[in-house]
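Chain naming here is simple, since letters A, B, ... match the order of the sequence lines and numbering starts at 1 in each.
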Amino acid sequence: MGNLVRSHTCGELRPSSVGQRALLMGWVDRRRDMGQIIFIDLRDREGITQIVVRSDADAEAHRTAEALRPEYVLAVEGTVVARDPQTINPNLPTGEVELLADRIYWLNDSQTPPFELTDDVRAPEELRLAYRYLDLRRPKMQRNIRLRHAVSWAIREYMNQQGFLEIETPFLTKSTPEGARDYLVPSRVQPGRFYALPQSPQLFKQILMISGFDRYFQIVRCFRDEDLRADRQPEFTQVDIEMSFPQREVLFGLIEGLMVKAFACANVTVTTPFPRMTYQEAIERYGSDKPDTRFGLELINLSDLFRESEFRVFKDIVQKGGYVKAITVPSGGRYSRKELDDLVEVAKQFGAQGLLWVRPDGDGVKSSFPKAVTEETLRAVLRRAQANPDSLVLIAAGALKNVSEILSGLRLHLGRRENLIDNGRYNFLWVTEFPLFVYDEKERRFMAMHHPFTAPLDEDIDRLTTAPEAVRAKAYDLVLNGMEIGGGSLRIHRQDHQRTIFQALGIRKEEAEEKFGFFLNALQYGTPPHGGIALGLDRIVMILAGEKSLREVIAFPKTASATCPLTQAPSSVSPAQLSELRIQSTDTE
RNA sequence: GGGGUCGUAGUUCAGCUGGUUAGAACGCCGGCCUGUCACGUCGGAGGUCGCGAGUUCGAGUCUCGUCGGCCCCGCCA
């Protein structure tokens with residue numbers, strides 16, 4: 001590069017610079033060769049500037065320009081000139097000017113890229129990931145990654161202003177039971193022992209409260225060895241927050257303020273405070289603990305209508321404590337037979353045995369109910385469901401959990417299908433009072449719904465031993481447009497309480513000592529009341545960027561099978577490496 | 001672990017009920033062009049039809065298996 005110094009970026013030149021000398025550096029985005037005059041779109045992360053190379057202005061530069069190809073790297077020196085009015089390009093911020101080149105420095109050439117680096121990329125994702133460095137050159141990816149930077153920056157600025165200290169916690173830490181599968185790291189120095197990569201810095205941030213740091217935050221990588229989804233990566237970034245002497249409302253206010261700042265990065269105005277809804281209400285109305293409140297189609301309880309009805313199947317379900325619930329689709333009456341069948345398939349995907357429907361038909365009623373069900377019952381259903389003449393009422397029955405999953409799945413499906421979702425809206429929602437425990441049928445014991453360090457509601461403490469399933473927790477989730485973007489709780493800060501919870505979870509005393517002894521110990525030394533939250537940074541940025549996949553806002557993400565096509569990770573390692581770690585693989589491949 | 005879906009030039013896709021030499025567009029290479037900006041124009045190269053078996057006189061096409069991408073269920077305190 002000699003001692004060339006860039007004078008402007010490729011997004012910078014304006015008519016005010018006309019007549020000045022300029023030196024730009026960047027990549028050849030496109031070359032348009034007209035013979036004696038060649039146009040080059042020079043691109044860097046700030047934009048595109050048109051370079052003009054004329055044989056009559058500089059023959060040598062023109063000869064160089066003839067050999068240029070896409071993605072070659074150049075430094076171009078020349079004079080900023082105004083474009084003729086009829087040649088102005090209104091699509092470019094720099095479109096009123098161009099750089100008349102007299103020197104082209106060929107900094108590097110490039111292989112032909114395996115796909116075109118345009119915003120509407122049409123390459124398979126695997127190829128994009130294998131050549132991620134090219135994919136990331138695309139303006140859209142540059143925008144996403146810059147947005148991510150802006151959000152992180154805004155969060156640090158805000159948390160600092162609010163008196164929070166960013167403190168790092170270990171990545172090589174201790175595997176703990178409960179929760180997701182750990183990524184393990186073998187210890188060479190302690191053969192046969194393993195570190196775990198943190199699923200979150202949960203215990204460390206609580207210990208930092210015990211240490212008197214009062215207000216902590218960290219933008220931190222977390223690791224969970226579970227199967228992936230569009231919104232789940234094995235390593236992801238969390239905005240981890242914890243504070244001492246917390247009031248829930250103070251914490252909510254803090255986070256709402258944080259969201260205002262973060263969303264301002266994408267010019268989205270957020271109104272506070274956010275609505276609140278208890279877990280129970282969310283399940284009743286939406287069948288989900290993370291309801292998308294951008295549209296209606298709320299669930300309707302029909303259980304009482306069938307408790308004493310002639311329809312045996314539903315009657316039995318209700319009398320055994322199950323539910324019959326429905327969704328009314330306002331204009332669903334026009335659905336064809338096939339469309340109805342498709343809906344049944346969707347319901348089955350969410351665990352339904354079947355799905356019944358009812359709709360008005362002129363003065364009568366049409367339905368997929370068996371003949372034995374009277375028109376009177378069906379009319380009662382239509383009344384309860386507030387069906388209009390064009391409505392369709394979809395009905396599922398079973399255990400509450402089952403019915404909720406079916407209808408919430410169906411609700412989202414119908415919301416999209418009927419175009420009821422306004423993509424320009426950002427509906428935040430605090431979901432509160434989660435159950436402290438959920439019963440695990442397979443393990444036949446209670447599990448912590450949030451995590452084992454969550455405090456129960458004071459008024460429910462008496463039920464810890466008598467009716468664990470009815471105990472509510474001081475836990476809360478932050479939901480945005482039907483996606484969980486954060487979750488937290490007020491924590492247990494007394495050792496005896498913590499031991500009671502471990503006991504309720506069926507964790508034996510010895511196991512509690514072995515796995516959490518260090519923490520139980522720490523709790524004894526003047527632990528302040530504390531609580532916090534963790535926010536999913538990747539998901540927040542994904543929503544702000546309008547993307548459907550986390551991979552679009554992570555520079556180097558993993559595929560659905562947790563591989564990296566760029567580096568080919570994970571890969572096998574040499575026998576020497578393994579033996580040094582005293583590790584043997586049982587898999588021959 | 002299960003279900004769905006996709007896999008044909010570098011890329012996006014077409015390829016009929018199995019039947020000549022597997023096509024198009026973009027990209028790439030070469031020629032021409034002094035105002036283009038998705039430049040235009042003329043010409044050219046480019047294929048393990050994901051992989052492996054099977055059925056058949058004959059398979060891109062049918063069957064089975066397998067691998068990979070994506071989506072979903074399980075899983076994700």
Side-chain angles (χ1 to χ4, degrees), chain A residues 29-42 48-57 62 66-67 69-71 81 83-92 94-95 98 100 111-131 134 176-182 199-200 202-203 222-234 236 345-346 348-351 405-406 409 412-413 434-438 440 442-443 446-454 473 475 484 487 489 501 505 507 534 536 548-549 551 558-561 563 565 589:
Chain A
D29 196 61
R30 278 209 160 74
R31 187 182 69 110
R32 290 177 295 278
D33 186 345
M34 322 306 294
Q36 297 308 302
I37 182 166
I38 296 172
F39 299 96
I40 297 161
D41 289 340
L42 196 69
I48 284 177
T49 300
Q50 175 162 281
I51 311 295
V52 190
V53 192
R54 310 174 63 111
S55 60
D56 57 10
H62 182 264
E66 281 182 319
R69 293 295 179 268
E71 301 310 314
V81 297
R83 296 203 197 183
D84 287 342
Q86 65 270 28
T87 63
I88 285 173
N89 185 346
N91 301 318
L92 285 182
T94 61
E98 58 199 10
L100 181 58
Q111 296 282 309
T112 301
F115 54 89
E116 285 179 76
L117 307 185
T118 56
D119 263 356
D120 55 333
V121 68
R122 295 189 306 175
E125 204 172 342
E126 199 183 2
L127 192 68
R128 290 176 52 204
L129 291 178
Y131 293 88
L134 297 179
T176 51
E178 309 278 306
R181 194 175 296 114
D182 285 320
Q199 298 176 24
S200 86
Q202 183 60 36
L203 289 177
C222 301
F223 306 86
R224 295 180 189 177
D225 186 6
E226 297 292 349
D227 286 347
L228 291 82
R229 290 286 188 281
D231 62 352
R232 269 168 31 194
Q233 283 273 312
F236 60 98
E345 282 311 306
V346 172
K348 282 183 177 165
Q349 209 187 305
F350 293 102
E405 278 167 11
I406 295 161
L412 288 173
H413 175 83
F434 276 79
L436 189 62
F437 304 116
V438 282
D440 188 302
K442 258 180 264 157
E443 302 214 9
F446 284 101
M447 310 274 273
M449 185 157 191
H450 186 56
H451 57 53
F453 316 105
T454 300
E484 182 196 328
S489 62
I501 297 295
L505 289 170
I507 299 174
K548 289 192 168 53
S549 164
R551 294 184 297 274
K558 302 281 188 290
T559 66
S561 53
T563 65
E589 232 336 283

Residues A/Phe446, A/Leu436; criterion side chain to side chain contact (heavy atoms under 4.5 Å, CB included); working and verdict: CA-CA 9 Å; A/Phe446 284 101; A/Leu436 189 62; over 6 Å; no
Protein proximity profile, nucleotides 32-45 of chain B - base contact B, sugar-phosphate-only contact S, no contact -, cut-off 4.0 Å on heavy atoms: -BBBBBSB------
Protein-to-nucleotide contact annotation, 5' to 3' order, nucleotides 65-71 of chain B [B base; S sugar-phosphate only; - none; under 4.0 Å, heavy atom]: ---SSSS
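Here, B/rA25 and B/rU21 have their P atoms 23 Å apart, quoted to the whole Å. Nucleotides B/rA9 and B/rU36, compared at atom P, are 37 Å apart to the nearest Å. For the P atoms, the distance linking B/rA24 with B/rC42 amounts to 15 Å, nearest Å. Between B/rG46 and B/rG30, the distance separating the two P atoms is 16 Å to the nearest Å. Rounded to the nearest Å, the gap between the C1' atom of B/rU17 and that of B/rC26 is 33 Å. Here the separation of B/rC57 from B/rC70, taken at their P atoms, is 41 Å to the nearest Å. A gap of 16 Å separates the P atoms of B/rA59 and B/rC16, to the nearest Å.
A/His413 has its NE2 atom 16 Å from the C1' atom of B/rC73, to the nearest Å.
At B/rG30, one or more side-chain N or O atoms of A/Arg69 fall inside 4.0 Å of OP1 or OP2 (strictly under the cut-off).
Residues forming a side chain to side chain contact (heavy atoms under 4.5 Å, CB included) with A/Thr94 (at least two apart in sequence, or on another chain): A/Arg14, A/Thr49, A/Leu92. Scanning for side chain to side chain contact (heavy atoms under 4.5 Å, CB included) contacts around A/Pro114 gives A/Leu127, A/Tyr131, A/Leu134, with sequence neighbours left out. Listed by chain and residue number, A/Ser55 satisfy the side chain to side chain donor-acceptor pair (under 3.5 Å) test with A/Gln36 (two or more places apart in sequence, or in another chain). Taking A/Asp182 as the reference, A/Ser175, A/Leu184, A/Ala196, A/Gln199 meet the side chain to side chain contact (heavy atoms under 4.5 Å, CB included) condition, with sequence neighbours excluded.
One finds a salt bridge joining A/Arg551 and A/Glu125 here, because a Lys/Arg side-chain nitrogen approaches an Asp/Glu carboxylate oxygen to under 4.0 Å. Using a cut-off of 4.0 Å between Lys/Arg side-chain N and Asp/Glu carboxylate O, A/Asp227 and A/Arg232 are scored as not salt-bridged.
Using a 4.0 Å heavy-atom criterion, one finds that A/Pro113 contacts no nucleic acid atom at all. Using a 4.0 Å heavy-atom cutoff across all strands shown, A/Leu127 reaches sugar-phosphate atoms only and no base atom.
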